[in-house]
Amino acid sequence: MSRELVVQRPEGLYCPAGDFYVDPWRKVERAVITHAHSDHARGGHGHYLCAASGVGVLRARLGDIDVRGLAWGEPLQVGGARVSLHPAGHILGSAQVRIEVAGAVWVVAGDYCLSVLGDTNPTCEPFEPVRCDCFVTEATFGLPIYRWPRHADVFADMNAWWQANARAGEASVVGAYSLGKTQHVLAGIEPTIGPIYAHPAAEAINAAHEAEGVALPALRPWSELSDPAALRGALIVAPPSANAPWRWQRAARVREAFASGWMQLHKARHRAGLDRGFVLSDHADWPGLLAAVAATGCSRVIVTHGDEAVLARALTERGLECGAFRTTYGDEG
Ligand SMILES: [Zn+2]
């Protein structure tokens, strides 16, 4: 038996002992999905396995698929591999995949978020460290410059910004991806400041969150925004690419912001011509990545996507064996 519990194939990351793929980017028969973001969860696979709490959002994205939901920590024998799923703290239902074969344990973490400040995301289950021999990690924000501020401070800033805009009769638009970030923003803002709208692209995803018990504020119908008067004082959460009514409204001033880890870079904020950038990420920052790796007790790490070289160097200096998988996974924008 090879000591490699997961290998890289043209279709994606493959577990030979269990004959399945984790987040494959080409069509396969058996796919274990860490989470429903489009770069990790693609359509067209034969069978899907994901966390039970992630089935709703996966179906909201991929439609009627053959999917089995697994409770957190519930072991499942897949061929010669024992598989279980553990919360990754990234978005609703996001899972780390624990794979055990003949006493060896690997964990494929997918995208994850662990805050050394103790911040958690109210829209999903908090990251759970899982002991393993080899940890397959992302490195989206794998540079020492990435250190997230406290969520409470970010949302205090966002509320103050919205309130000031509302007093001036302006609309506040927060750019946020439909799955994950939109719900994180909605769950975190102060809903009494004014009316709240979310782009229709997030409608089914919001419903899937509410079905899993995630509390979101009451939203106004999007169609109201065709009336310019509705824009005054409103908070509008929409994906950055949205072809949205406020782009052609002249009756009200619109302030635009974006919520992302990339907003820590002043250059990114500037280039986007934004009024404000809120540093709110659903990925681990640099201290979070190092803490997550340390918490697994692993002796080996394989980095999948992001700033992998810098993270690998830092982990090698800490005495870990480091490798890399080439994947097609993206970032948070
Ligand atoms: Zn993701």
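Each residue takes its place number in the sequence, starting with 1. Note that the structure is a prediction, hence the values are computed from the model and not measured. In each ligand, atom 1 is the first atom listed, and ligand 1 is the first ligand listed.
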Going by the angle between their ring planes, with limits at 30° and 60°, are [X] and [Y] parallel, tilted or perpendicular?
X	Y	result
Y14	Y21	tilted
Y146	W148	tilted
F278	W161	perpendicular
H199	W222	perpendicular

Query raised in the report: Is it true that W262 and F141 have ring centroids separated by less than 6.0 Å?
Result: yes
Query raised in the report: Would a distance-only check, ignoring hydrogens and angles, find a side-chain to backbone donor-acceptor pair under 3.5 Å from E190 to T192?
Result: yes
Query raised in the report: Under 2.8 Å from the Zn ion (ligand 1), which protein N/O/S atoms are there?
Result: H35 NE2, H37 ND1, H90 NE2, D111 OD2
